[in-house]
Novice: 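The structure's right below; bear with me while I get my questions together.
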Amino acid sequence: MLIKARRGWEIPEGEATPEQVFLDRRRFVAALGLGAGIAGTGLAGGTAAQAQGRDPTADLYPAKRNEAFRLDREVTPEKVSAEYNNYYEFSTSKAVTPASDALKTRPWTVKIGGLVEAPMEVGFDDLIRRMPLEERLYRMRCVEAWSMAVPWTGFPLRALVDMAKPTSAAKYVVMQTFHDKAVAPGQKQFWYPWPYTEGLTIDEARNDLALLVTGVYGKPLPNQFGAPLRLAVPWKSGFKSVKAINPNTITAERPKTFWEELQASEYGFWANVNPAVPHPRWSQAEERILGTGDRRPTLLFNGYGEQVAELYKDLQKERLWA
Ligand code: MTE
């Protein structure tokens, strides 16, 4: 597969963002009022519990499985999915551990601000105990054309968004990964538009499928999967599922997302899965299942059309596919 030869979906330096685009993005982030605030947020120190390898939320797992979410395939073995990750902050290879273990995930403050009536800053360990945790079996389809099926534990993104009471001007939920070069060597690579930024429309964020993930395989989330809090939006390409989120901001403007800013012709804002729309450099018709290597046809919206197609019925002029 072409992209394998390119070591994952590493973009050759020559195709990376020109400096001007990079600088414009910095100004955009500053305009959101996020730039300075992000550095180091939630990363200072680390509790004794983490140092000793105990997770303060371990008693919440395994959460009850919601049987409404079913798979058409076997769950990917943990050994396979936990050793094949995309996490550019730590590595451009799939082997992101042990580098990702350098991230201190406690204390971690979950922030939600911007166009909301009730901006919030809440400790992750407090938040999770107030949220309706459940386990869901989800498929995940990467734009690189591999897929996996994972038992995520988490709570609907809607629960967090609605708690903050978005104003009537709110249109997007912007989610960003921590930004700390001292911890994440990838963030020293200036040609990437750090911090990793993703976004959904408010309606997408309120869709029942949009899950904020805190655990996997019946345990708290390990770092390589995006601890302590990552997104899972299974009808979209995997790159929308941003890891180690901090902070969340509600905006009126559509954010420029990380991959869109790097290579807009290849990775768009919407990034819904569609087997009929090839990536400019490879087909999206099939996917390779991690673990077995089997190939099978990819489904429109990754098979979740019943739950999400309605969101896009008036948006046909948009480039809805990655
Ligand atoms: N989030 C951050 N912060 N950094 C990343 O490099 N990679 C994305 C997404 N979220 C990425 C990220 C991509 S390309 C994919 S396919 C998924 O995470 C991979 O999730 P997984 O490692 O749990 O399989």
Side-chain angles (χ1 to χ4, degrees), residues 63 65-72 110 112 114-116 127-128 131-143 147 149-176 197-216 226 229-243 245 248-255 257 260 267-275 277 298-322:
R65 180 173 295 176
N66 183 337
E67 299 292 347
F69 300 92
R70 293 174 184 273
L71 293 175
D72 57 351
V110 179
I112 178 156
L115 300 176
V116 294
L127 177 73
I128 193 174
M131 289 291 155
L133 272 203
E134 61 183 42
E135 184 178 74
R136 296 182 181 186
L137 303 179
Y138 272 5
R139 296 184 296 280
M140 187 177 101
R141 170 65 159 76
C142 179
V143 72
S147 67
V150 211
W152 298 122
T153 301
F155 56 88
L157 172 58
R158 182 183 54 223
L160 181 69
V161 168
D162 287 349
M163 210 186 239
K165 299 196 172 84
T167 67
S168 55
K171 293 209 170 68
Y172 298 92
V173 180
V174 183
M175 285 161 273
Q176 289 182 304
T197 299
E198 262 307 338
L200 299 173
T201 64
I202 278 272
D203 289 343
E204 289 178 325
R206 287 196 167 123
N207 186 277
D208 190 40
L209 275 182
L211 192 70
L212 278 176
V213 170
T214 62
V216 70
L229 192 66
R230 62 97 49 89
L231 181 68
V233 277
W235 72 101
K236 292 179 176 284
S237 286
F239 67 82
K240 295 292 291 182
S241 291
V242 48
K243 297 181 170 183
I245 300 170
N248 304 274
T249 312
I250 311 282
T251 64
E253 304 86 36
R254 185 182 300 180
T257 54
E260 184 187 16
Y267 312 106
F269 170 80
W270 297 97
N272 296 312
V273 173
N274 187 342
V277 180
T298 284
L299 302 173
L300 185 62
F301 293 115
N302 200 22
Y304 294 99
E306 207 176 301
Q307 292 95 323
V308 298
E310 184 75 8
L311 289 169
Y312 307 103
K313 68 177 189 328
D314 299 326
L315 293 172
Q316 292 310 320
K317 290 203 179 105
E318 296 274 347
R319 192 182 126 203
L320 292 171
W321 326 106

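Values in this document were obtained by computation on a predicted structure and should not be read as measured data.
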Novice: Quick one: salt bridge (charged side-chain N to carboxylate O under 4.0 Å, His left out) partners of E260, sequence neighbours excluded?
Specialist: none
Novice: Just how far is it from atom OG1 of T197 to atom CD of Q176, taken to the nearest 0.5 Å?
Specialist: 3.5 Å
Novice: For R136 and V150, what are the C-alpha separation, side-chain angles and deciding distance, and is it a side chain to side chain contact (heavy atoms under 4.5 Å, CB included)?
Specialist: CA-CA 8 Å; R136 296 182 181 186; V150 211; over 6 Å; no
Novice: Over all heavy atoms of both residues, which pair between A170 and I250 is shortest? Give the atoms and the distance, please.
Specialist: CB-CG2, 3.3 Å
Novice: So, does N272 use its side chain to make a donor-acceptor pair with the main chain of F301 at under 3.5 Å?
Specialist: no
Novice: Where do L137 and P151 come nearest, in terms of heavy atoms and distance?
Specialist: CD2-CB, 3.6 Å
Novice: Rounded to the nearest 0.5 Å, what separation is found between the OG1 atom of T257 and the CD atom of E198?
Specialist: 4.5 Å
Novice: Among all residues two or more places apart in sequence or in another chain, which pass the side chain to side chain contact (heavy atoms under 4.5 Å, CB included) test with A169?
Specialist: L115, T167
Novice: R230: what forms a salt bridge (charged side-chain N to carboxylate O under 4.0 Å, His left out) with it, not counting sequence neighbours?
Specialist: none
Novice: Look up atom OG1 in T214 and atom CE in M131, then write down how far apart they are to the nearest 0.5 Å.
Specialist: 11.0 Å
Novice: Not counting sequence neighbours, which residues clear ring pair (Phe, Tyr, Trp, His ring centres under 6.0 Å) with F155? List them please.
Specialist: none
Novice: Are F69 and L211 packed together at the side-chain level, in the sense that at least one heavy-atom pair is separated by less than 4.5 angstrom?
Specialist: no
Novice: With V110, which residues qualify under side chain to side chain contact (heavy atoms under 4.5 Å, CB included), at least two apart?
Specialist: W108, V122, F124, L127, L160, L229, N248
Novice: Looking only at heavy atoms, what is the nearest atom pair of A210 and W235, with distance?
Specialist: N-CZ3, 4.1 Å
Novice: Return yes when atom CD of E67 has more than 12 non-hydrogen atoms of other residues, nucleotides or ligands closer than 6.0 Å, and no otherwise.
Specialist: yes
Novice: Taking only residues two or more places apart in sequence, or in another chain, which ones meet W152 in a side chain to side chain donor-acceptor pair (under 3.5 Å)?
Specialist: none
Novice: Work out which heavy atom in S237 is nearest to a heavy atom in V273; give both atom names and the distance.
Specialist: N-CG2, 3.8 Å
Novice: Kindly write out the residues that satisfy side chain to side chain donor-acceptor pair (under 3.5 Å) with W270, not counting sequence neighbours, or none if the list is empty.
Specialist: E318
Novice: Evaluate the criterion side chain to side chain contact (heavy atoms under 4.5 Å, CB included) for residue pair R141 and T298; output intermediate values, then yes/no.
Specialist: CA-CA 8 Å; R141 170 65 159 76; T298 284; 2.9 Å; yes
Novice: Can you see which heavy atom on L157 is nearest to which on A205, and at what distance?
Specialist: CD2-CB, 3.5 Å
Novice: Test of understanding: with ring pair (Phe, Tyr, Trp, His ring centres under 6.0 Å), list the residues that count as partners of Y304, not counting sequence neighbours.
Specialist: none
Novice: Look up atom OG1 in T153 and atom CG in L212, then write down how far apart they are to the nearest 0.5 Å.
Specialist: 13.0 Å
Novice: Any chance you could measure L209, atom CG, to R158, atom CZ, to the nearest 0.5 Å?
Specialist: 10.0 Å
Novice: Please check: side-chain N/O of K240 versus main-chain N/O of V233, any donor-acceptor pairing under 3.5 Å?
Specialist: no
Novice: Apply salt bridge (charged side-chain N to carboxylate O under 4.0 Å, His left out) to R65 and list each qualifying residue two or more places apart in sequence or on a separate chain.
Specialist: E135
Novice: What are the two closest heavy atoms between T251 and E253, and how far apart are they?
Specialist: OG1-O, 2.7 Å
Novice: Name all residues meeting the side chain to side chain donor-acceptor pair (under 3.5 Å) criterion together with D203; count only those two or more places apart in sequence or in a different chain, and write none if there are none.
Specialist: none
Novice: Checking S241 now: which residues fulfil side chain to side chain donor-acceptor pair (under 3.5 Å) with it, not counting sequence neighbours?
Specialist: none
Novice: Side chain to side chain contact (heavy atoms under 4.5 Å, CB included) for M163 and I112? Distances and angles first, verdict last.
Specialist: CA-CA 9 Å; M163 210 186 239; I112 178 156; over 6 Å; no
Novice: State whether the side chain of Q316 and the backbone N or O of Y312 hold a donor-acceptor pair below 3.5 Å, judged by distance alone.
Specialist: yes
Novice: Quick one: do E204 and K236 make a salt bridge, cutoff under 4.0 Å?
Specialist: yes
Novice: Between atom CG of L231 and atom CG of L200, what is the distance when rounded to the nearest 0.5 Å?
Specialist: 5.5 Å
Novice: What residues form a salt bridge (charged side-chain N to carboxylate O under 4.0 Å, His left out) with D314, not counting sequence neighbours?
Specialist: none
Novice: Aromatic rings Y172 and F269: how do their planes relate, parallel, tilted or perpendicular, breaks at 30° and 60°?
Specialist: perpendicular
